[in-house]
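Input: a single structure, listed below in C-alpha cells.
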Amino acid sequence: MPSEKINISSSSSIKSNNSQDSEVNSFYLLREKLIHIIKAARSATLANILAPLLCIPAFKDEVTALNLGAWLAYMAVSIVVRTWIIFTLPITPEKIIHPKRDLNKASFALSIVGFGWGLGWFLMAADLTIVNRMIYIYMITAALIAGMYAYSVHKPTFYLFTLPIMIPALCTSLWLTDIFPWTFVIGLATVFIAFLSIARNFASTFDQSIRLRFRNESLFQELAAERDQSIAANISKSKFIADASHDLRQPLQAVNVYLEMIQFDNLATAEKKILSKIKNCITILNVMFDSLLNISKLDADVTHVKNSVFQLKDLGDAILELTESPATRKGLKLELICPDLTVKGDKIFLQQIVTNLVSNAIQYTESGTVEIRFEIDQDCLVFHISDTGCGIYEAEQGKIFNEFFRSDRTRKLHDGLGLGLAIVKRMCHLIGAEVSVVSKLNTGSCFTVKTVFIASLNERQTPHCEPILYSTDVQDIFQGKHIAVIEDNAIIVEAYKQTLASKGAYVYVLSEFELELVTQLQSIDHLDCIICDYRLRQTTGDLLIEKIRENFNKAIPAIIVTADTSPSHIHFFDQIDVQVLHKPISFEQVTKTIEKLLSQNE
C-alpha cells in the first residue's frame with residue numbers, strides 16, 4: 001500500500017507539472033499572437049483612415065447622401081474606437097499580463113471596422129456602377145489579404161474581422177442578381193474560401209514556429225541553469241577543497257616540525273623504524289596536498305609560461321634527484337636518456353610534468369624499469385616516460401587524465417588522489433603540448449609529450465643566456481644575516497631559531513602587535529630576510545611585511561608561509577612581491593628558499 005501511495009503522489013505531481021507547463025505555453029502563445037496582431041493593426045491604421053476617404057469622391061455622385069453619410073459616420077466612429085484601443089494595448093512582452101483579455105479587446109476593435117466594410121454592401125452596392133463596385137471589391141479584398149496575414153494567427157480575431165466583410169458581400173451579390181454575373185459571384189465565393197484556407201495554414205505555421213521558439217528558449221534556460229549549477233558546484237568544490245586543505249595543513253605542518261625536531265640518533269632501532277614509517281606516511285600526505293595546491297593554482301589562473309634558454313642535462317639531473325630515491329626504494333631501475341640539448345621553453349613546467357609522469361610510473365610499477373627518454377622531433381622537444389608496470393585498461397585510457405580518477409583495479413594498492421595526470425594534462429595545455437598514452441595490461445605504459453619548445457644540439461642556434469650563479473656554500477650565505485621570524489606557534493618559532501642560528505644567522509622573533517613591533521624594530525639596524533606566517537591572531541602576514549619594509553624603506557626579501565590554497569588567495573599571493581610557501585613544508589624547504597632569496601639579493 002505505501003508504494004501505491006507513492007505512485008499516486010508521483011502521478012499527481014507529474015500531472016500538476018504538465019498542467020503548469022501547458023498554462024505557461026498557452027500564455028506564451030497568446031502573448032505572441034497579441035503582439036503580432038497589434039503590430040500589424042497599428043501599421044494598417046493609415047490605410048484604414050485613407051480608404052473610406054477615397055470612397056467619397058468616387059461614390060458621392062452615385063450613392064444617396066443619406067446612405068453615404070451614414071456609412072462614413074459609422075466608419076469614422078469605428079476607426080476612432082479601433083485606433084484608440086489598438087494603441088492603448090501593451091505591445092512589449094513584459095507589460096502584457098492578461099493576453100487573453102487584451103486579444104478580446106483587439107478582436108472587438110477590428111471586428112467593428114470589418115462590420116463597417118460589410119455594411120457598405122447593403123448601403124451602397126446597389127447604387128454603384130460596375131466600375132465602382134469593382135473598386136469596392138478591390139478595397140475589401142486588400143483588407144482581407146491584410147487580415148489574412150495580420151489576424152489569422154488568432155481564429156476569433158480573424159473571423160470577427162473577415163466574416164462581417166464576406167457574408168454581406170455574398171448575400172448582396174446573391175440577393176441583387178443584376179449587380180454581378182453569377183459566374184463572378186461563384187469566383188468571389190471561391191476567393192473567399194481560398195482566403196480562409198490560406199489563413200488556416202498560416203495560423204498553423206505561426207503556432208508551430210512560436211511553440212518551437214518557446215521550446216528552444218526553454219532548452220536554453222535549462223542549459224543555462226545547468227551551466228550555472230555546474231559553475232556553482234565547481235566553486236563549491238574549490239572552496240571545500242581550500243577550506244578542508246587549510247584545516248588539515250595546519251596540524252600536518254606541526255607534525256612535520258615535531259618529526260624534524262626528533263633526534264633519530266638517540267632512538268632505539270625499533271623506534272627508528274616506527275618513526276620512519278610515520279615520516280613515509282607524512283611524505284605521502286605532503287604529496288597529496290601538493291597535488292591539491294597545484295590544482296588550486298591552475299584554477300586560480302596564476303601559473304604563467306615563462307620561456308628561457310636552459311640545458312636539458314640540468315633538467316635531467318633535477319628530475320633524477322627528485323625521483324631516484326623512490327625508485328631505488330622499490331628496487332626499480334631508473335634510466336635517463338638525455339642528449340646534450342639546448343632548449344628554449346619553461347623549465348619549471350617541464351620539470352613538473354616529467355616529475356609527475358615519472359612518479360606515476362614508479363607508483364604503478366612493482367618491478368623492472370622506468371625510462372625517461374628525451375629527443376628532438378621537427379626541431380621541438382619530445383619526451384617519453386615508459387614503464388614495465390601493470391598497464392591501463394583500454395576503456396580507462398581516456399579517463400586517466402580526469403581529476404580524481406582512480407582505477408578500481410589499483411585503488412586499493414596505491415595511495416593518492418588521482419590528480420597527478422590531471423595536472424599533467426592541464427599543464428601541457430598551458431604550454432601548448434600534447435600528451436598521449438599507449439598501454440598494454442601487465443606489460444606497461446608509455447606516456448609521450450610533444451612540446452612546442454625549440455631544442456637543438458647546436459647551442460648557437462638558440463639565444464645565449466647568462467646563467468644566474470648561486471653560492472654553493474650554504475653556511476656562508478646565512479653567516480651574519482639578520483632574519484626576522486613572525487609566527488604565533490611557539491614550537492615552530494623555536495624550530496626556526498635553532499635551524500637558522502645553527503647556520504650562522506641572527507634571528508629576530510617579532511611581534512604581530514603593532515606597538516610591540518614598532519618598539520622591536522627601533523633596536524634593529526637592518527634585516528636581510530623576513531619569514532612570516534600568513535594567518536596570525538589579529539592580522540595577516542602581508543600587512544606586517546609591508547609595515548617592516550616601510551620602516552626600513554627597503555623591499556626586504558620576504559617569505560609568507562600559509563595553509564590557504566583557495567584560488568582567490570593564490571591569485572592574491574601572486575600579486576604581492578613576496579615568496580609564498582604552502583604548508584605542510586619541511587625546514588629544509590624553508591632554508592633553501594631563504595638561501596635563494598639571499599643569493600639573489602647579494
List the steps, then state whether side-chain contact (heavy atoms from CB on, under 4.5 Å) holds for V449 with L357.
CA-CA 10 Å; V449 177; L357 290 173; 3.9 Å; yes

Does the pair V358 and L334 meet the rule for a side-chain contact (heavy atoms from CB on, under 4.5 Å), with working shown?
CA-CA 9 Å; V358 173; L334 185 62; 4.2 Å; yes

side-chain contact (heavy atoms from CB on, under 4.5 Å) evaluation trace for Y534 with V580
CA-CA 9 Å; Y534 178 66; V580 179; over 6 Å; no

Just do the side-chain contact (heavy atoms from CB on, under 4.5 Å) check on I594 and L500 with the steps written out, would you?
CA-CA 10 Å; I594 296 173; L500 297 174; 3.9 Å; yes

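L521 contributes atom CG, which lies 11.5 Å from atom CD of E550 (distance to the nearest 0.5 angstrom). Taking CG from L381 and OG from S456, the interatomic distance works out to 11.5 Å, rounded to the nearest 0.5 Å. To the nearest 0.5 Å, the span separating CD1 on I559 from NZ on K596 amounts to 10.5 Å. Taken from CD1 in I486 to CG in L536, the straight-line distance is 7.5 Å, to the nearest 0.5 Å. Rounding to the nearest 0.5 Å places CG of L336 at 5.5 Å from CD1 of I372. Between T593 atom OG1 and L598 atom CG the span is 10.5 Å, to the nearest 0.5 Å.
A distance-only check finds no donor-acceptor pair linking the side chain of R549 to the backbone of A555 [under 3.5 Å]. Using a distance-only test at 3.5 Å, with no hydrogens or angles considered, no donor-acceptor pair links the side chain of T369 to the main chain of E371. Panel note: side chain K497, backbone V507; no donor-acceptor pair is recorded below 3.5 Å. In this structure, the side chain of S230 does not engage the main chain of E226 through any donor-acceptor pair within 3.5 Å. No side-chain donor-acceptor contact under 3.5 Å links S359 to the backbone of N356. A distance-only check finds a donor-acceptor pair linking the side chain of D528 to the backbone of H482 [under 3.5 Å]. Of the possible polar contacts, one joining the K330 side chain to the T365 backbone as a donor-acceptor pair under 3.5 Å is found. A donor-acceptor pair under 3.5 Å is absent between the side-chain atoms of S439 and the main chain of G391, judged by distance alone. Looking at E512, its side chain does come within 3.5 Å of a backbone N or O of Q538 through a donor-acceptor pair. Under a 3.5 Å cut-off, the side chain of Q378 and the backbone N or O of C380 do not form any donor-acceptor pair.
Residues L517 and N551 are not in side-chain contact: their nearest non-hydrogen atoms beyond the backbone lie 4.5 Å or more apart. Looking only at side-chain heavy atoms (C-beta outward), V382 and R373 stay at 4.5 Å or farther from each other. Contact annotation: the side chain of V424 never approaches that of F447 to less than 4.5 Å [non-hydrogen atoms, C-beta and beyond]. Residues F374 and V343 have side chains not in contact (no heavy-atom distance under 4.5 Å, counting atoms from C-beta outward). Put simply, the side chain of R329 reaches to within 4.5 Å of the side chain of S325, judged on heavy atoms. Counting only heavy atoms from C-beta outward, the side chains of V435 and T448 never approach each other to under 4.5 Å. With contacts defined as side-chain heavy-atom distances shorter than 4.5 Å, the pair F453/I431 qualifies. The shortest side-chain heavy-atom distance between I524 and L510 falls under the 4.5 Å cut-off.
Contact detail for L527 and I548: the closest heavy-atom pair is CD1-CG2, 3.8 Å. Shown here for D533 and E487, the closest heavy-atom pair between the two residues is CB-OE1, 3.4 Å. Taking each heavy atom of F478 and T591 in turn, the nearest pair found is CZ-O, 3.5 Å. Taking both residues in full, the closest heavy atoms of V578 and A558 are given as CG1-O, 3.6 Å, listed atom of the first, atom of the second, then distance. Pairing each heavy atom of V370 with each of L332, the nearest pair is CG2-CD1, 4.4 Å. A pairwise comparison of heavy atoms in H526 and F552 identifies CA-CE2, 3.7 Å as the closest pair.
When the shell of 6.0 Å around OH of Y508 is examined, it contains more than 12 heavy atoms from other residues, nucleotides or ligands. Atom CD of E321 sits in a sparse spot, with 12 or fewer heavy atoms from other residues, nucleotides or ligands closer than 6.0 Å. More than 12 heavy atoms of other residues, nucleotides or ligands sit less than 6.0 Å from atom CD of E335. Heavy atoms of other residues, nucleotides or ligands lying less than 6.0 angstrom from CD of E434 number 12 at most.
Taking a cutoff of 4.0 Å between a charged side-chain nitrogen and a carboxylate oxygen, K503 and E595 do not qualify as a salt bridge.
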